[in-house]
Amino acid sequence: MKKSNPKTNRPAETHQTTDSPAHTLRTNQGIPIADNQNSLKAGTRGPVLLEDFILREKITHFDHERIPERIVHARGSGAHGYFQCYESCADITKAAFLQNPKTKTEVFTRFSTVAGGAGSGDMPRDVRGFAVKFYTQEGNFDLVGNNVPVFFIQDAMKFPDLVHAVKMEADRGFPQAASAHDTFWDFISLTPESMHMVTWIMSDRTIPRSLRMMEGFGVHTFRMINAKGQSHFVKFHWRPTIGSASVIWDEAVKINGADPDFHRRDLWEAIESGNFPEWELGLQVFDQKTADNLDFDVLDPTKIIPEEIIPLRMIGKMVLNRNVDNFFAETEQVAYCPANIVPGIGFSHDPLLQGRLFSYLDTQLSRLGGPNFHQIPVNAPRCPFHNQQRDGMHQMQVPKGRANYEPNSIDPTSPRENPSFGYKPFIEEMMGEKTTLRTETFADHYSQARLFYRSLTEPEQRHLASALGFELAKVELPPIRHRMLGHLEHIDPALQQAVETALGLEGQADKIQPFIKPRTLPPSHALSLLKKAPATLKGRKLGILIADGFDATLLTALRTAAKAEKAAVAIIAPKIGGATDSTGKLTAPNLSLSGAPSIFFDAVVILTGAESVKELATQAAAVDWVRDAFGHLKVIGHTGEAQPLLDRAGLAPDEGVIALADAKSVSRFIKQAKNGRIWEREPKLRSPG
Ligand code: HDE
């Protein structure tokens, strides 16, 4: 047996050293370190000496480990991947990365929540950021979008107010990562232009099941410019190839407690297991004439263009296939900026976009500590680039030569402007008065909110009303609630009614006079996630609870069936040591029951023995597992032996509760699970509010 280590007073087995110079721990100055456990003292019980440069360096570096978090979108998860177009888009853009389907463009994508701090949970009700950096051969193009196609405000001037209102309240420092509080709804109820966005944020879109299942949007109208100098307007859309899905609110609340990293872990695990998330990039392409004929202004970021009016042209696919090597170096330090565009892409005059063009670089100067953050590997363009910008904090490059200006005659090799290849904006005539007046074409605040609400399915409408009921119940000041209820009338009187009922505040809405009377527009089915949800288990997760005496043949059949559907499987047992099947063979689970509530899974199965179920039925964790799965409208497969547990959890039989006995019943279970939740169950379990 080794002797205990005199330096640490710990068993020798816990003390790690090396004889290899290459593996020797060193300071940032390269000095080899002999003792990484103890500081230098005057005697073993004496004071620590200031001379201990190893201690000082280590602590100093640690003291500076944090950089300012993003003022919005602080919590994010990122991954590397690539983008490839399906065919040349030369008809609309000269952007080099969109010319040839053989071109694979590296990307780095970061998803985020907006309101919470970097350490907040993954599952608040919140808009998600969806930012993609394309490292093209002509420089970086950043598509810095959200998972919702509209925004709260029409002018950048209001952004600091909006963000102050939604973040923790100024005096008390709470709530963290939640819009359900007075200051948010105070601001919103005084900002009618936000009403369309309100319907989106109160919909299921803001509690996504997975980052892999979110749609993404560029929000603003952009331009594309082709080699002939012709310009089209475009709206950018990302569509996940496995379809979109959301959790329900009660699940979201519980997920935040059980696994605050739910989305981050899900993204990481999918990529690690080779199930690479994919999105198609779609464009709505239109010209000035079409824009002029629309009954809203395409420069207004609170408006969408229904796909029924301008369908998506799918131009390519993004695949995320590599996790980051280091979270801080990559996900934290990545710096997106809507002003980063390449030749062939341009801006519109959307005043919100114009404000963003200023903000991102400005914030990054302080967040990343100076003007050289473009040299950080995750931010550096992959194409060669040279210019005469010099020096500044954290300069990593060593530019050679005398000429750091242009024009110069002393270095013929120094970089010069390139009139044919260089970036040129779309040339357009500009005329107008200098004014702060907002255009009247931005004044219809309710018609598209109504369009969104009325395009949803019944369960989606129910959830929207419930979310409003929940959030407004958290508001403490009655006038804010009454004002908000007043706006709902113009979105849809039925919505107003549902929320009033949920709150028990019938007839207490303020009267609000809209500037423009809302119109009823034809519904757009593309706005509903449920209407276009594919029947699939691809990328979803099946949770199988096993207990001693379980049927191993059924487990194998379920695993095989799930694999065929490209679904992941997690085996859960009461103890991490495992459970024995009916033949006495031990199966090691992936997770133990206490750490794997059923909220983690899209569909669940309960396989128990006749004896083990008796014990399980006395355990709150097991009863909750089943009760929650039922309450969250999941498809539940179970063996006959599991019935006592189902009874204890109060399950009422319906088409989503499926008895498993043989291969045929497993197929029935899989078929039902592919359809997602059992929506018909919901009204029996929960009323809005
Ligand atoms: Fe942002 N936004 N934003 N934003 N935004 C930032 O930039 C800002 C807006 C979006 O993963 C900040 O580097 C202003 C709309 C994403 O790193 C900041 C306005 C959309 C991310 C900033 C908007 C977005 C940000 C904070 C109104 C959807 C995270 C740190 C004029 C189209 C990117 C940073 C990442 C981040 C400013 C509105 C998307 C402060 C002034 C609309 C996805 O610069």
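Start at 1 and go down the list; that is how both ligands and their atoms are numbered.
Looking at T363 next to ligand 1, no N or O pair under 3.5 Å apart turns up. Considering backbone and side-chain N/O of R110, one or more are found under 3.5 Å from N/O of ligand 1.
In summary, the side chains of H181 and W185 do not present any donor paired with an acceptor at a separation below 3.5 Å, with no hydrogens or angles considered. H490 and R450 share no donor-acceptor pair across their side chains, judged by distance under 3.5 Å alone. E330 and H80 are linked by a side-chain donor-acceptor pair at a separation below 3.5 angstrom, with hydrogens and angles left out of the test. A side-chain donor-acceptor contact under 3.5 Å links Q288 and D292. Between the side chains of E428 and H349, at least one donor-acceptor pair of N or O atoms lies under 3.5 Å. For the 3.5 Å distance criterion, the side chains of S231 and R223 qualify, holding a donor opposite an acceptor. Using modelled atom types and a 3.5 Å distance limit, the side chains of H463 and D204 yield a donor-acceptor pair. Looking at Q333 and N379, their side chains never bring a donor and an acceptor atom within 3.5 Å of each other.
In this structure, atom 13 (O) of ligand 1 lies nearest to the protein heavy atom Q364 NE2, 2.9 Å. The single protein non-hydrogen atom nearest to atom 33 (C) of ligand 1 is Y336 CD1, 3.8 Å, given as residue, atom name and distance. At the top of the distance list for atom 43 (C) of ligand 1, counting protein heavy atoms only, stands G145 O, 3.2 Å. The closest protein non-hydrogen atom to atom 28 (C) of ligand 1 is N146 ND2, 3.2 Å.
Every atom of ligand 1 is numbered from 1 in the order shown, and the set under 4.0 Å from a heavy atom of A156 is 31 (C). For ligand 1 and I71, the ligand atoms under 4.0 Å from any heavy atom of the residue are 40 (C). The contact set between ligand 1 and R70, taken as ligand atoms under 4.0 Å from a residue heavy atom, comprises 17 (O), 30 (C), 35 (C).
With a 4.0 Å heavy-atom cut-off, ligand 1 is reached by the side chain of V219 but not by its N, CA, C or O. Within the 4.0 Å heavy-atom criterion, the part of F130 lying near ligand 1 is the backbone and not the side chain.
Only protein N, O or S atoms were scored, and 1 of them lie under 2.8 Å from atom 1 (Fe) of ligand 1.
Of the candidates Y336, F83, Y82, F83 is the only one forming a ring pair (Phe, Tyr, Trp, His ring centres under 6.0 Å) with F134. Between E215 and the choices R128, H237, R205, the side chain to side chain donor-acceptor pair (under 3.5 Å) rule is met once, by R205.
Heavy atoms of P301 come nearer than 4.0 angstrom to ligand 1 in no pair at all.
Other residues, nucleotides and ligands contribute only 12 or fewer heavy atoms inside 6.0 Å of the CE atom of M431.
Because its NZ or CZ atom is not both nearer than 6.0 Å to the ring centre of W279 and within 45° of the ring axis, R239 does not count as a cation-pi partner of that residue.
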